[in-house]
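Have a look at the structure below, then the notes.
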Protein chains: 2
Amino acid sequence: MATTQPNTCVNSVDIAKNVSADDALCLENQVCFSLYSAANAMVRVYRPLLDKLDLTYPQYLVMLVLWEEQGISVKTLGDKLFLDSGTLTPLLKRLEVKGFVTRGRSEQDERVRVLALTSAGIALKTQASEIPHLMRCKVGGEASELQALKAMCDQALKKLHASID
Amino acid sequence: MATTQPNTCVNSVDIAKNVSADDALCLENQVCFSLYSAANAMVRVYRPLLDKLDLTYPQYLVMLVLWEEQGISVKTLGDKLFLDSGTLTPLLKRLEVKGFVTRGRSEQDERVRVLALTSAGIALKTQASEIPHLMRCKVGGEASELQALKAMCDQALKKLHASID
DNA sequence: TGCAAGTATATTGTGCGCAATATAGTTAAT
DNA sequence: ATTAACTATATTGCGCACAATATACTTGCA
């Protein structure tokens with residue numbers, strides 16, 4: 001395992017192991033490319049299932065949060081989903097137009113939007129309850145593998161967040 | 001570990017293990033959300049590094065491919081990156097405007113674009129050679145962990161692709 | 001040869017993601 | 001009470017992703 005590049009880090013992100021500068025730029029060795037491609041593919045597989053609920057994947061994530069807890073702010077929602085208002089504001093407006101979500105104002109603090117579900121939004125949860133099962137069937141794989149994947153993604157996410165100072 | 005939902009699949013995608021329909025819709029249990037968030041965070045961490053090369057992350061991926069092999073078609077590029085012409089055509093035009101890439105035509109088949117690098121595009125590889133190292137330092141973590149993450153993403157990608165019939 | 005079927009790329013439209021910026025409302029310190 | 005600093009949301013602009021569609025070119029078959 002030759003290393004032709006001085007390397008003050010013992011570890012690697014975009015290479016499978018310590019390799020030459022050239023091998024490090026090889027697509028095959030890029031961890032991040034695998035992550036990126038898997039995430040894209042995942043959204044693609046969700047799409048036909050979510051089409052039936054008239055939701056996109058990011059909209060589905062918002063609904064997951066609101067099915068758990070209503071009356072939260074855009075900020076709180078963004079903290080949970082790691083998304084900002086530039087993404088969420090237009091997305092929430094689309095959910096409002098579809099009649100799934102209401103965007104009220106806090107009486108205590110006029111700046112904050114209070115997000116809630118309409119009855120249609122609440123009702124959607126019943127249809128959505130099939131989705132995890134359908135995804136399971138579509139993709140298969142051992143539960144332990146998926147748990148491991150989730151654990152590694154969560155760990156990577158933690159480090160990536162930390163590296164944004 | 002009670003299962004309140006009949007389940008013909010032994011495995012799970014969006015839940016950590018066999019759980020109730022309600023727990024399956026819990027954001028905390030969603031493997032795909034972890035994948036999605038980690039991929040977003042990864043692109044965010046790349047951004048300041050790639051800004052210096054005047055590249056976005058998807059543009060960087062295209063350059064990685066072209067640094068390995070020039071003269072390929074949009075189709076071949078798309079097969080390698082799992083992206084279609086709707087994504088690549090405008091992206092390649094932007095790389096052309098920046099002066100990194102040329103978009104010629106095949107003489108054998110007038111339909112196919114033949115992608116090549118300009119001298120500026122080739123020169124960029126030298127600057128890019130630092131990026132894997134810089135990402136490694138930014139994120140840290142054991143090489144074996146990253147290898148494992150890559151392996152699991154590749155496996156997931158394979159299954160996700162297969163599930164699109 | 002002519003034409004149907006297939007293929008490669010391009011176009012259009014929608015919805016993210018996110019940086020940068022703007023605006024309005026709140027809080028705290030003087 | 002003012003005002004400066006802070007906070008929550010919104011807006012704008014750019015670049016993906018991708019479905020759906022269009023166009024141009026090629027190939028194979030009758």
Side-chain angles (χ1 to χ4, degrees), chain A residues 33 36-51 54-63 72-79 81-98 101 103-115 160-161 164, chain B residues 33 36-51 54-63 72-79 81-98 101 103-115 160-161 164:
Chain A
F33 172 62
Y36 166 84
S37 300
N40 283 345
M42 177 275 291
V43 173
R44 236 174 277 147
V45 171
Y46 259 109
R47 196 182 312 270
L49 302 179
L50 292 174
D51 278 350
D54 192 22
L55 293 175
T56 63
Y57 183 69
Q59 287 168 10
Y60 172 66
L61 291 180
V62 167
M63 294 303 285
I72 61 171
S73 67
V74 175
K75 178 92 171 61
T76 303
L77 180 63
D79 288 345
L81 297 180
F82 312 113
L83 294 170
D84 72 359
S85 73
T87 301
L88 291 174
T89 295
L91 187 157
L92 288 163
K93 284 182 177 175
R94 282 186 284 270
L95 287 177
E96 192 178 37
V97 168
K98 290 181 193 183
V101 160
R103 298 164 63 245
R105 291 272 188 200
S106 164
E107 292 184 4
Q108 290 78 40
D109 187 337
E110 284 292 325
R111 294 169 305 176
V112 342
R113 287 282 187 185
V114 175
L115 305 173
L160 288 163
H161 280 158
I164 314 179
Chain B
F33 172 61
Y36 166 84
S37 300
N40 283 345
M42 176 276 291
V43 173
R44 235 173 279 145
V45 171
Y46 259 107
R47 196 182 311 273
L49 302 180
L50 292 174
D51 278 350
D54 192 22
L55 292 175
T56 64
Y57 183 69
Q59 289 168 8
Y60 172 65
L61 291 180
V62 167
M63 294 303 285
I72 62 171
S73 67
V74 176
K75 178 91 170 61
T76 303
L77 181 63
D79 289 344
L81 296 180
F82 312 112
L83 295 170
D84 72 0
S85 72
T87 300
L88 290 175
T89 295
L91 187 157
L92 288 163
K93 285 182 178 176
R94 281 186 284 271
L95 287 178
E96 192 178 38
V97 168
K98 290 180 194 185
V101 160
R103 298 164 62 244
R105 290 270 187 202
S106 165
E107 291 184 6
Q108 290 77 40
D109 188 335
E110 284 291 328
R111 294 168 306 175
V112 342
R113 287 282 187 184
V114 174
L115 304 173
L160 288 163
H161 280 158
I164 312 179

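Predicted model, so just to flag it, every value in this text is computed and none were measured.
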Chi angles and distances behind the salt bridge (charged side-chain N to carboxylate O under 4.0 Å, His left out) call for B:Arg103, B:Glu96: CA-CA 7 Å; B:Arg103 298 164 62 244; B:Glu96 192 178 38; 3.3 Å; yes
Result block: side-chain N/O donor-acceptor pairs under 3.5 angstrom for residues 81-91 of chain A, not counting sequence neighbours:
residue: A:Asp84; atom: OD1; partner: A:Gly86; partner atom: N; Å: 3.2
residue: A:Asp84; atom: OD1; partner: A:Thr87; partner atom: N; Å: 3.1
residue: A:Asp84; atom: OD1; partner: A:Thr87; partner atom: OG1; Å: 3.4
residue: A:Thr89; atom: OG1; partner: A:Ser85; partner atom: O; Å: 3.0

Letter per nucleotide, 5' to 3', of nucleotides 22-28 of chain D [B base touched, S only sugar-phosphate touched, - untouched; heavy atoms, 4.0 Å]: --BBS--
Below 4.0 Å: OP1/OP2 of D:dC14 and any side-chain N or O of B:Lys93: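 So the side chain of B:Lys93 is outside the cut-off, no N or O lying under 4.0 Å from OP1 or OP2 of D:dC14.
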Contact under 4.0 Å: B:Arg113 side-chain N or O vs C:dA10 OP1/OP2: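 Indeed, a polar side-chain atom of B:Arg113 lies that close.
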Output the rounded distance in Å from [atom1] ([X]) to [atom2] ([N]).
{"X": "A:Arg105", "N": "C:dG25", "atom1": "CZ", "atom2": "C1'", "result": "10 Å"}
{"X": "A:Met42", "N": "D:dA17", "atom1": "CE", "atom2": "C1'", "result": "13 Å"}
{"X": "B:Leu88", "N": "D:dG15", "atom1": "CG", "atom2": "P", "result": "15 Å"}
{"X": "B:Leu61", "N": "D:dC16", "atom1": "CG", "atom2": "P", "result": "10 Å"}
{"X": "A:Lys75", "N": "D:dA8", "atom1": "NZ", "atom2": "P", "result": "5 Å"}
{"X": "B:Asp79", "N": "C:dT9", "atom1": "CG", "atom2": "C1'", "result": "13 Å"}
{"X": "B:Leu81", "N": "D:dC18", "atom1": "CG", "atom2": "C1'", "result": "15 Å"}

Over 12 foreign heavy atoms within 6.0 Å of NZ, B:Lys98: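 For B:Lys98, atom NZ is crowded (more than 12 foreign heavy atoms under 6.0 Å).
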Donor-acceptor contact present, side-chain A:Thr76 to main-chain A:Ile72, <3.5 Å: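 Pair absent, no side-chain N/O of A:Thr76 close to backbone of A:Ile72.
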Any side-chain heavy-atom pair of B:Leu92 and B:Val74 under 4.5 Å: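 The answer is yes; the side chains approach within 4.5 Å.
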Heavy-atom side-chain proximity of B:Val62 to B:Leu55 below 4.5 angstrom: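 No. Closest side-chain heavy atoms not under 4.5 Å.
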Value rounded to 0.5 Å, distance of OH in A:Tyr57 from CG in A:Leu50: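 Between A:Tyr57 OH and A:Leu50 CG, I get 8.5 Å after rounding to 0.5 Å.
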Point-to-point distance, once rounded to the nearest 0.5 Å, from CD of B:Gln59 to CZ of B:Arg94: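 Output value for this atom pair is 6.5 Å.
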Pick out the pairs of N or O atoms, protein on one side and nucleotides 14-17 of chain C on the other, that lie under 3.5 Å.
residue: C:dC16; atom: OP1; partner: A:Thr56; partner atom: OG1; Å: 2.6
residue: C:dC16; atom: OP2; partner: A:Gln59; partner atom: NE2; Å: 2.7
residue: C:dC16; atom: OP2; partner: A:Arg94; partner atom: NE; Å: 2.8
residue: C:dC16; atom: OP2; partner: A:Arg94; partner atom: NH2; Å: 3.2
residue: C:dC16; atom: O5'; partner: A:Arg94; partner atom: NH2; Å: 3.1
residue: C:dG17; atom: OP2; partner: B:Tyr36; partner atom: OH; Å: 2.0

B:His161 vs A:Arg44, side chain to side chain contact (heavy atoms under 4.5 Å, CB included): CA-CA, chis, key distance, verdict: CA-CA 9 Å; B:His161 280 158; A:Arg44 236 174 277 147; 3.8 Å; yes
Minimum-distance nucleotide to A:Val112 side chain [options: D:dA8, D:dA10, C:dT11]: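 Closest of the options to the side chain of A:Val112: D:dA8.
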C:dA8 base / B:Ser85 side chain donor-acceptor hit below 3.5 Å: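 Looking at the base of C:dA8, it does not pair with any donor or acceptor on the side chain of B:Ser85 (distance under 3.5 Å).
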